[in-house]
Amino acid sequence: MADYHFVYKDVEGASTQWDDIQRKLGNLPPKPPAFKPDPFEPAPDLDSTPKDKSWVDEKTEEELEDLEDDLNDDRFLEEYRKKRLAEMREAAKISRYGSVTPISGSDFVKEVSQAPQDVWVVVILYKEGFPECGLLLQCLEELAVKYPATKFVKIISTDCIPNYPDRNLPTLLVYKNGAVKANYVGLHTFGRRCTPEGVALVLCQSDPVLNDGQSGSDPSQKAVLEGVRRRFIEKVVAEHEDHDDDGSSD
């Protein structure tokens with residue numbers, strides 16, 4: 001027996017002339033568009049990616065270490081890989097500092113005398129409640145941010161040196177390779193106005209104490225001093241411009 005309920009279906013997306021007439025009359029909804037699959041794109045072949053400096057720059061430290069045996073045939077990229085790895089490790093080392101860290105008397109040998117050989121350490125002996133100590137600490141906090149490769153620590157004076165006279169506060173001690181390289185007693189050492197720039201100039205007069213981490217692990221004293229002076233001049237110029245702006249607005 002024939003199936004009178006059978007509905008003929010044309011090729012997907014096609015329609016009969018009758019359907020077209022009915023759609024024009026509004027008796028049928030618009031014809032749906034024919035299905036088209038997305039064009040096929042093969043997965044990228046990582047081995048065929050051009051290997052150059054930018055390719056190395058995109059790698060993490062762990063990935064660079066894993067590439068040690070893969071770049072033996074490309075001497076240039078292998079040397080560049082080693083350079084990038086050294087830069088990353090240096091940056092990681094620098095990131096340990098960047099603030100004035102409080103230490104106790106029992107920490108002194110470990111944090112100061114046994115600090116890494118290429119690191120300058122600035123120690124402030126202070127006491128709470130002394131305005132002069134607070135002012136110098138504010139300057140050191142700003143310098144610690146600007147020069148994160150230099151280690152800054154603070155310690156209560158009598159925790160460091162028993163019976164250390166309060167009249168000598170604040171005192172700065174500068175260390176490198178476990179030895180004292182300089183000491184500055186009293187706030188007057190840094191001029192009539194104690195500013196971060198003034199403290200930086202005093203610290204760098206004889207040694208490249210302040211290191212921003214951008215000039216290598218052991219920059220020359222001349223290069224550091226020039227950088228400190230440049231920052232000092234920029235600060236003075238900025239303050240002068242701000243003063244002029246305030247004056248013109250009155």
Side-chain angles (χ1 to χ4, degrees), residues 90-91 93-103 107-108 111-112 115-116 118-157 160 164 166-176 180-247:
E90 185 68 22
K93 180 175 69 174
I94 291 171
S95 66
R96 291 180 305 178
Y97 312 122
S99 64
V100 182
T101 305
I103 63 172
D107 298 328
F108 194 90
E111 298 293 338
V112 179
D118 60 342
V119 173
W120 287 91
V121 185
V122 177
V123 184
I124 177 173
L125 308 185
Y126 78 107
K127 274 188 177 179
E128 298 288 351
F130 285 70
E132 296 86 351
C133 294
L135 180 56
L136 186 54
L137 271 170
Q138 288 180 3
C139 295
L140 295 183
E141 288 285 1
E142 187 170 325
L143 293 178
V145 174
K146 291 180 178 177
Y147 301 97
T150 298
K151 186 175 184 178
F152 290 83
V153 299
K154 62 182 180 180
I155 182 171
I156 302 297
S157 57
C160 182
Y164 191 74
D166 289 348
R167 65 177 179 274
N168 291 343
L169 298 179
T171 295
L172 283 191
L173 305 176
V174 180
Y175 278 77
K176 191 178 185 185
V180 178
K181 300 296 183 180
N183 65 83
Y184 305 95
V185 178
L187 195 64
H188 66 277
T189 310
F190 305 103
R192 189 173 59 181
R193 289 183 62 216
C194 183
T195 64
E197 294 75 25
V199 174
L201 284 171
V202 172
L203 286 175
C204 295
Q205 285 299 325
S206 57
D207 289 299
V209 175
L210 300 179
N211 186 352
D212 59 8
Q214 305 301 316
S215 308
S217 60
D218 193 12
S220 68
Q221 189 255 339
K222 181 180 178 181
V224 171
L225 193 55
E226 286 178 353
V228 170
R229 285 173 176 161
R230 184 179 67 254
R231 287 179 183 266
F232 179 77
I233 293 172
E234 290 172 352
K235 178 72 174 292
V236 171
V237 170
E239 289 179 347
H240 182 70
E241 291 176 346
D242 291 341
H243 178 73
D244 289 345
D245 291 342
D246 293 340

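With a 4.5 Å cut-off on side-chain heavy atoms, Leu210 and Phe152 count as touching. By the 4.5 Å heavy-atom criterion applied to side chains, Phe108 and Cys160 are counted as neighbours. Counting heavy atoms from C-beta on, the side chains of Leu172 and Leu136 come closer than 4.5 Å. Within the 4.5 Å cutoff, no side-chain heavy atoms of Trp120 are placed close to those of Leu203. Using a 4.5 Å cut-off on side-chain heavy atoms (C-beta onward), Lys127 and Asp166 make contact.
Among all heavy-atom pairs drawn from Val209 and Val174, the shortest one is CG2-CG1, 3.9 Å. Closest approach of Tyr164 to Ser157, counting heavy atoms only: CD2-CB, 3.9 Å. Taking each heavy atom of Pro196 and Cys139 in turn, the nearest pair found is N-SG, 3.6 Å. Between Pro148 and Tyr97, the closest heavy-atom pair is O-CB, 2.9 Å. Shown here for Val202 and Thr189, the closest heavy-atom pair between the two residues is CG2-O, 4.1 Å.
A donor-acceptor pair under 3.5 Å is formed between the side chain of Gln205 and the backbone N or O of Leu201. A donor-acceptor distance shorter than 3.5 angstrom exists from the side chain of Thr150 to the backbone of Asn211, with no hydrogens or angles considered. Distance alone, capped at 3.5 Å, is enough to place a donor-acceptor pair between the Lys151 side chain and the Glu111 backbone.
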task = Kindly indicate, with the supporting measurements, whether the criterion side chain to side chain contact (heavy atoms under 4.5 Å, CB included) is fulfilled by Leu135 and Leu187.
result = CA-CA 9 Å; Leu135 180 56; Leu187 195 64; 3.9 Å; yes
ask   = Between Ile155 and Val112, does a side chain to side chain contact (heavy atoms under 4.5 Å, CB included) hold up when you go through it step by step?
value = CA-CA 11 Å; Ile155 182 171; Val112 179; over 6 Å; no
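Atom NZ of Lys154 sits about 9.0 Å away from atom OG1 of Thr101, to the nearest 0.5 Å. Atom NE2 of His188 sits about 11.5 Å away from atom CD of Glu132, to the nearest 0.5 Å. How far CG of Asp118 is from NZ of Lys176: 7.0 Å, rounded to the nearest 0.5 Å. Within the model, atoms CD1 of Ile124 and OG1 of Thr171 stand 8.5 Å from one another, a figure rounded to the nearest 0.5 Å.
Between Tyr184 and Phe190, the ring planes lie tilted relative to each other; the angle falls in the 30° to 60° range.
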